[in-house]
Amino acid sequence: MGIYTAIFINIEIEIEIEIKKEGRNKNMSHQPLPEKLARLSDLANNLWWSWNPEARQVWRRLDYPLWRTTTHNPMQMLHEISPAQLERKAADASFVRHLNKVMLQYDHEMGNTDSWFKTDHAELDGKTIAYFSAEFGLHVSVPIYSGGLGILSGDHIKEAGDLGLPFVGVGFMYPQGYFRQRLPSHGWQEAEYLQLDMDKAPVNKVLDKDGNELRIAVTIHDTKVQMRVWHLKIGRANLYLMDTDVPENAPWHRELTARLYGGDNENRIRQEILLGIGGVRVLRKLGYQPDVWHMNEGHSAFLVLELVREIVAETGCSFHEAALQVRPQAVFTTHTPVPAGHDAFNFDMMDKYFGHYYSRLNLDRTGFMNLGRHQENWGEAFNMTVLALKMSGMANGVSELHAEVSRDMWQEVWPSKSVDEIPIMGITNGIHVPTWIALPMADLFTKYLHPEWITKQDDQAIWERISEIPDEELWKIHVELRRKLLDSLQERTRVRWIQGHRDATQVLTTGAFLDPNALTIGFARRFATYKRATLIFRDPERLKRILLDVERPVQIIFAGKAHPADDPGKHLIQTIYNIAKSHEWGGRIAFVEDYEMHMGRYLKQGSDIWLNNPRRPREASGTSGMKAALNGVPNLSILDGWWVEGYNGANGWAIGENMNYDDPNEQDAADAESLYRLLEEEIVPLYYDRDRDGVPRGWVEVMRESIRSNAAVFSMRRMVKEYTENLYIPAMNGEFRKS
Ligand SMILES: *Cc1c(COP(=O)(O)O)cnc(C)c1O
């Protein structure tokens, strides 16, 4: 007796809300609109509005309280707005003018007469690029992403449309999306899945010629599973999302695509068959004949098998001959140097799901298994990255350092080539600037850089004019954004408090004590262990001295989800959560629950400094730091991923050295020491060095340099142009290797 052990139980709460109004045409499902406002329906049905400031303004003006309570969801607004408010707005001439002006611009852009691709690559008219990804981070109202990979896909498709590329995306419409994170007072993350109400998302069911829901069949083991398809307009680009939740399927098959990364490895292979093989069939059914097939991550790599199968079925040729045709059209992006991040399936599982399939590729079992054969730490298996590398004409990593690591990691696929000859190039990630820029900051750029800065965003000359912005104005906008961050965190907490989900301690941990004038460090990302969220607590006493300084206080805001199966990641969250609760830390640490795009924007726009300390070289690129940098929030980061290329000595701070370690403990010690010294000796003093007007001149200089040196280089525009010129166009022209 007397020994108490705390047992924390992870409860997965599932809330099922029936999908309402199923089967009706989505466009007609919201209430009728007054004639003068009829085009609100078009605007709500294309996420273009979400990165167009004037269009966002339309929704704010339409019904501001509703805009807030729906968390910026126009489709939901059109369902819930009162008819009286609609009539009022239809009679508001200034509002109607505003709407008409926005729709004029919308129609012009959708006409695609003057885009970059149309103008610079007119000779490629009629070509199509298909882009496959298991997740897309587009907007808070479409929760089908979990982290960096999804946000990158979302940003990629937005920019591809902005540049006028003939671009079609394929993915899943997970009806329960990714989980919502809940943090009870013991701090052990709980997962809550909410059923998405499709009527209130900007998606439309794809119908066949006869007006029935389209169906695509894919054989899973011994059963034909049916999928339906949803269409999203993403600016000029089209995105098709599949799901299996249809009445013809058995209940367990209806669940197959319910959740992003849900279930075990068996569920995983089934999802990947649906994505790769089903995705090709969806595009064919819709009449697409893509010239380029882009596999974003290995999840979709089965698509190359389906392309081979099509050719073999049509011509009866050998696998080898079919592969010679497929390979030059296929490009592949690998996203992580962490071995466990590459899906692999054991051969029994491959037999189970592909036993009926490989003969249709004119392959025997050995030939088939060789396409993905790889030694995992648990045995030999079929590895999706190996398949993708073998079957694509060209591949890339997502930063220069990551490409270098990947060439080394995957040299085994090309035993006769030296490391430098491995066909994996580096194309460093970027961010969709209109999505991630804070509005007041954008206004400042419009005023001082160029009225058309957004269309010239990858022209470095524009950013050189950043010195025109007076210190006072830049600082004032930043202080405003920090205020907005803290307000939004308090509002979130207040809403949760009212809903009865929180006790008083929880309220304190999520930021009630945050000080609007203290140096605020932001740290938000997935809680994977290699990201070392707790590194800064390595010497607690030293950190306390930094945070609790009476004259120069510092506070840290943490946010992030651990994968539902990642207990070590959940432990990190719990550790920080308990620190946030502890009196000893004086309310200087906050852990905000349920990190997603919406709150993420506030965090990256309103923190004073953005912290990132992964275990080098595991962070393939990282993009949150780019979002911060664009908004004048300097990075304090390990020289890993993009920051190796971004850091220039004056635009933020580098933790540790530009080197790799063999001993992780030695690495942690060295990096923590470097982090403390930077805070103590450089960052805190510079931040609190104010002139008579209260402006930290030296700090503002770093902010300015952060924007000047990073905005264009790490824009999604620069990135998609590189993909176009280095991957898509050569693939269209048949320039890549065939064997
Ligand atoms: C940008 C972003 C990420 C990716 O951040 P990393 O720096 O790659 O860890 C993850 N989640 C959200 C919500 C984001 O906005």
Side-chain angles (χ1 to χ4, degrees), residues 130 132 134 170 216-227 242 244 253 256 264-285 290 293 295 297-330 332 342-376 378-393 395 410 412-415 737-739:
F132 282 59
V170 178
I216 301 295
V218 179
T219 301
I220 298 286
H221 186 35
D222 50 11
T223 314
K224 268 203 158 57
V225 173
Q226 301 286 341
M227 296 197 290
M242 309 173 282
T244 58
H253 285 142
L256 267 179
D264 52 12
N265 223 30
E266 186 110 23
N267 201 62
R268 192 76 165 226
I269 193 171
R270 294 171 177 172
Q271 285 194 343
E272 295 186 2
I273 291 167
L274 293 172
L275 179 61
I277 296 175
V280 172
R281 293 182 188 170
V282 166
L283 290 181
R284 298 299 189 208
K285 188 89 164 210
W293 301 82
M295 294 169 271
E297 243 301 326
H299 304 130
S300 60
F302 290 140
L303 81 84
V304 291
L305 302 180
E306 180 66 4
L307 296 178
V308 168
R309 189 198 60 77
E310 288 180 337
I311 296 170
V312 170
E314 198 183 301
T315 66
C317 69
S318 68
F319 173 84
H320 178 69
E321 286 166 317
L324 292 180
Q325 294 178 51
V326 169
R327 216 175 265 118
Q329 305 183 349
F332 167 58
H342 299 260
D343 284 337
F345 305 109
N346 67 44
F347 294 134
D348 286 347
M349 212 185 268
M350 292 305 289
D351 277 330
K352 178 172 166 189
Y353 291 100
F354 286 89
H356 71 283
Y357 192 89
Y358 50 70
S359 61
R360 296 161 77 189
L361 308 178
N362 275 342
L363 278 178
D364 61 12
R365 184 177 184 275
T366 312
F368 179 76
M369 296 305 176
N370 283 347
L371 290 173
R373 193 178 295 276
H374 181 65
Q375 188 63 44
E376 307 294 330
W378 45 270
E380 221 179 30
F382 192 97
N383 182 297
M384 295 299 279
T385 298
V386 171
L387 171 66
L389 287 170
K390 286 196 172 165
M391 291 299 294
S392 52
W410 300 109
E412 56 165 88
V413 176
W414 292 272
R737 74 193 176 99
K738 296 186 166 55
S739 57

For residues [X] and [Y], report the shortest heavy-atom separation together with the two atoms involved.
X: G278; Y: M227; value: CA-CE, 3.8 Å
X: L387; Y: A301; value: CD2-O, 3.6 Å
X: N383; Y: T385; value: OD1-N, 2.8 Å
X: E376; Y: A381; value: CG-CB, 3.8 Å
X: A322; Y: V312; value: CB-CG2, 4.0 Å

Discussion item. One pair to check against side-chain contact (heavy atoms from CB on, under 4.5 Å): Y357 and M350. What are the steps and the verdict?
Written reply: CA-CA 10 Å; Y357 192 89; M350 292 305 289; over 6 Å; no

Which value, rounded to the nearest 0.5 Å, describes the distance between [X] atom [atom1] and [Y] atom [atom2]?
X: E380; Y: F382; atom1: CD; atom2: CZ; value: 12.0 Å
X: I273; Y: I220; atom1: CD1; atom2: CD1; value: 4.5 Å
X: F345; Y: I269; atom1: CZ; atom2: CD1; value: 5.0 Å
X: I216; Y: R284; atom1: CD1; atom2: CZ; value: 12.0 Å
X: Q325; Y: E310; atom1: CD; atom2: CD; value: 11.0 Å
X: L361; Y: S318; atom1: CG; atom2: OG; value: 11.5 Å

Item to complete: Sort out for me which residue in H342, E297, H374, E272 forms a side-chain contact (heavy atoms from CB on, under 4.5 Å) with M384.
Response: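 With M384 as partner, H342, E297, H374, E272 yield a single side-chain contact (heavy atoms from CB on, under 4.5 Å), made by E272.
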
Worksheet entry | CA sep, side-chain torsions, deciding dist, call: L283, V170, side-chain contact (heavy atoms from CB on, under 4.5 Å) | CA-CA 8 Å; L283 290 181; V170 178; 3.8 Å; yes

With a 4.5 Å limit on heavy-atom distance, are the side chains of [X] and [Y] in contact?
X: V386; Y: W410; answer: yes
X: C317; Y: I311; answer: yes
X: T244; Y: H253; answer: no
X: H320; Y: N362; answer: no
X: M391; Y: M295; answer: no
X: K738; Y: R327; answer: no
X: F319; Y: L371; answer: yes
X: K390; Y: F332; answer: no

Practice prompt. Please state whether the rings of W293 and F132 are parallel, tilted or perpendicular, taking 30° and 60° as the class boundaries.
Written response: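 Tilted, since the angle between the ring planes falls between 30° and 60°.
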
Discussion item. Pair N370, R373 - check side-chain hydrogen bond (donor to acceptor under 3.5 Å, both in side chains), show working.
Written reply: CA-CA 5 Å; N370 283 347; R373 193 178 295 276; 2.7 Å; yes

Discussion item. I need the full list of salt bridge (Lys or Arg N to Asp or Glu O under 4.0 Å) pairs touching residues 357-366, with sequence neighbours left out, sorted by first then second residue.
Written reply: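 Residue pairs with at least one partner in residues 357-366: D351-R365.
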
Worksheet entry | Steps toward side-chain hydrogen bond (donor to acceptor under 3.5 Å, both in side chains) verdict (Q271, H299) | CA-CA 9 Å; Q271 285 194 343; H299 304 130; over 6 Å; no

Worksheet entry | Check: L274 main-chain N/O paired with R281 side-chain donor or acceptor under 3.5 Å |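 Side chain of R281 to backbone of L274, a donor-acceptor pair under 3.5 Å: no, none is there.
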
Worksheet item: So, does N265 use its side chain to make a donor-acceptor pair with the main chain of R268 at under 3.5 Å?
Response: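 Checking the backbone N and O of R268 against the side chain of N265, no donor-acceptor pair under 3.5 Å is found.
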
